Protein chains: 2
Amino acid sequence: MSNEHTGGSPRTLKTVSRAFDVVRALEELDGARVTELADHLDLSKSVVYNYLSTLREEKYVVKDGDTYQLSLQFLLVGEYVRYQNILYRIGKSEIEDLAEKTGEYAHLATEQHGLGVNLYKVSGETAVGSDYQVNKLQRADYLHFSATGKAILAHLPRERVDWIIDRYGLPAKTEATITDRDELFEELETVRERGYSLNDEEEIKGLQAIGAPVTNRHGRVLGSISVSGPVRRMKQPEYHQNLIESVINTANVIEVNVNMEESDDEFPTFS
Amino acid sequence: MSNEHTGGSPRTLKTVSRAFDVVRALEELDGARVTELADHLDLSKSVVYNYLSTLREEKYVVKDGDTYQLSLQFLLVGEYVRYQNILYRIGKSEIEDLAEKTGEYAHLATEQHGLGVNLYKVSGETAVGSDYQVNKLQRADYLHFSATGKAILAHLPRERVDWIIDRYGLPAKTEATITDRDELFEELETVRERGYSLNDEEEIKGLQAIGAPVTNRHGRVLGSISVSGPVRRMKQPEYHQNLIESVINTANVIEVNVNMEESDDEFPTFS
DNA sequence: ATATGTGTTTGTATTTCGCAAACAACTTTC
DNA sequence: GAAAGTTGTTTGCGAAATACAAACACATAT
């Protein structure tokens with residue numbers, strides 16, 4: 001039975017996609033056995049077995065008794081990737097200083113595939129929730145309801161922001177989350193004008209954050225930083241103003257150092 | 001021409017292996033363009049292009065202009081894997097306390113595929129080299145010349161240690177590195193008897209480390225911890241003795257908490 | 001002791017991938 | 001400023017690698 005066979009271009013390698021389906025399934029299931037995976041993925045046991053064996057040979061999967069798990073190989077490669085990121089290399093210590101100086105949580109984030117990824121986060125002395133924010137497992141998250149996210153969005157080309165909204169929508173996390181496209185663009189305009197972004201309980205009730213972008217010399221946004229804390233404290237006028245200045249200042253310091261290091265380079269957009 | 005075709009069992013999926021060859025190449029080359037990769041991997045351009053497109057679709061690769069890079073997806077999955085590890089979840093804060101208390105570097109490590117992987121590392125106040133150890137990019141490394149590694153090896157089944165030596169050898173890093181199998185087994189016997197391991201400039205000249213294993217209630221070693229510092233300081237008798245006690249104590253605390261959390265479970269070996 | 005579960009192995013059919021060559025879009029060079 | 005050299009991308013087709021199902025060995029449960 002001849003189908004439409006060999007697809008268009010670029011031709012996706014189904015075997016590779018399926019391998020990553022297995023990886024995703026192992027993550028969702030927190031490790032699994034062959035049969036369980038076969039059911040979950042709607043593949044035959046023998047096929048799943050071959051994928052697992054191959055992934056194991058490549059060291060991306062370990063077998064613990066009859067249970068297969070993702071291995072720390074992902075962490076090793078992941079830390080390599082993070083280290084490759086100049087924003088991380090330069091920003092890490094600055095963010096630590098910022099957290100120490102302000103006493104609040106400080107975050108360093110970037111964008112990838114239209115979502116925000118935290119490169120680093122550190123908790124200051126007076127930060128609430130005792131490391132909850134820092135120890136929690138993070139995933140890539142929407143950009144429109146975080147201070148780091150809005151600082152990034154505000155400095156991406158409009159078409160890219162539209163693409164991101166088309167792709168992921170503007171889901172609400174609290175009542176304060178901006179869920180309307182036009183409203184978001186107005187907010188981003190404000191962010192650009194005043195030089196910093198604000199997350200006013202739009203992600204978590206009771207939590208406010210102040211963010212600022214880091215751009216390279218071509219104006220491309222490399223990522224952003226933020227500090228966050230309880231609204232009660234964050235709203236005190238002098239405190240608030242001080243934080244804004246600290247955040248913007250730190251972002252500028254990072255920016256200068258990044259641009260001093262980046263010698264050559266380009267201006268395209270990631271995808 | 002009918003060859004031996006379809007290989008033995010388990011049948012390695014060559015397409016998957018090749019995908020990870022591409023990942024490895026992107027890591028070695030710190031990102032690369034299509035042609036460069038094709039040359040490096042001895043594949044045709046079109047083939048490489050398809051692998052990159054697929055990996056990009058899966059979000060494990062990003063394209064920056066004409067350059068392809070590994071993405072932070074590896075970090076996200078990696079942090080998930082680390083978080084799954086009970087030794088990390090329980091040990092992280094204990095290791096932080098240990099570093100603060102001793103002022104030296106503290107490490108938390110485990111074994112995978114016969115090599116050591118650092119799950120967490122933190123620098124104390126008086127630690128030398130100002131964060132060099134902490135900020136340096138880490139890879140999986142041999143077990144036989146580190147304090148964490150020897151603590152682990154000492155509590156693995158002898159056959160597994162033999163397998164590891166057969167597979168990776170005992171390469172020297174300094175003049176002090178143990179490179180002889182019998183000598184290593186004697187050393188491991190000593191480690192078991194006295195309850196802690198010692199790395200006396202076997203990895204880096206001038207650096208000494210003290211390690212202790214963490215085992216579960218079935219006696220299987222889950223990983224190990226260590227503190228490290230300059231030999232001059234580390235060799236002072238009272239200081240030395242204090243560190244040994246601190247390390248063993250911390251290892252015990254972690255052990256107790258891990259075993260309280262681990263309810264059911266197994267006793268097989270990872271691979 | 002029999003039945004149902006597991007992970008693993010094998011034979012075979014066919015889907016899918018790899019190659020080479022063509023194409024389009026850019027740089028470089030003369 | 002056209003031509004020769006780059007790139008990355010697309011396509012057709014033959015060859016090879018993969019998916020399936022069924023059998024196997026082993027364990028656990030009934």
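First the proteins, then the strands, lettered A, B, ... as listed; each starts at 1. Predicted model, so just to flag it, every value in this text is computed and none were measured.
- No donor-acceptor pair under 3.5 Å is formed between the side chain of A/S226 and the backbone N or O of A/A147.
- The listed nucleotides are D/dA19, C/dC19, D/dG8; the one nearest the side chain of B/T35 is D/dG8.
- Between B/K45 and D/dT11 there is no side-chain N or O to OP1 or OP2 distance below 4.0 Å.
- Going from atom OH of B/Y68 over to atom C1' of D/dT9 covers 9 Å, rounded to whole Å.
- Phosphate contact (OP1/OP2 of C/dA21, side-chain N/O of B/S46, threshold under 4.0 Å): absent.
- For D/dA19, one of the phosphate oxygens OP1 or OP2 lies less than 4.0 angstrom from a side-chain nitrogen or oxygen of A/Y51.
- Closest to the B/T15 side chain, of the nucleotides C/dT10, D/dA17, D/dG8, is D/dA17.
- What separates CG of B/L13 from P of D/dA16 is a distance of 18 Å, to the nearest Å.
- OP1 or OP2 of D/dA17 has not a single side-chain nitrogen or oxygen of B/R11 nearer than 4.0 Å.
- Between A/S9 and D/dT11 there is a side-chain polar atom (N or O) within less than 4.0 angstrom of OP1 or OP2.
- Looking only at distances, a side-chain donor or acceptor of B/S224 sits under 3.5 Å from a matching main-chain atom of B/T148.
- Of the possible donor and acceptor atoms, none in the side chain of A/Q138 sits under 3.5 Å from a partner among the backbone N and O of A/N118.
- The distance from atom CG of A/L52 to atom P of D/dA19 is 13 Å, rounded to the nearest whole Å.
- Atom C1' of nucleotide D/dG8 and atom CG of B/D39 are separated by 14 Å, given to the nearest angstrom.
- Summary of the strand contacts: A/R18 and B/V34 both lie near DNA chain D, and taking for each the nucleotide with the nearest heavy atom, the more 5' one is attributed to B/V34.
- Within the nucleic acid shown, A/T12 comes within 4.0 Å of sugar-phosphate atoms alone, with no base atom in reach, counting heavy atoms only.
- Residue-level contact check: B/T54 touches neither bases nor backbone, having no heavy atom under 4.0 Å from any strand.
- Residues B/D42 and B/P10 both approach DNA chain C. Their nearest nucleotides, taken by heavy-atom distance, put B/P10 toward the 5′ side.
- Because its NZ or CZ atom is not both nearer than 6.0 Å to the ring centre of B/Y68 and within 45° of the ring axis, B/R56 does not count as a cation-pi partner of that residue.
- Side-chain N/O atoms of A/K14 include none lying less than 4.0 angstrom from OP1 or OP2 on D/dA17.
- Rounded to an integer number of Å, the gap from CG of B/L41 to C1' of C/dC19 is 16 Å.
- For the pair A/L43 CG and D/dT18 C1', the computed distance is 12 Å after rounding to whole Å.
- Within the 3.5 Å criterion, the main-chain N or O of A/Q84 finds a donor-acceptor partner in the side chain of A/R89.
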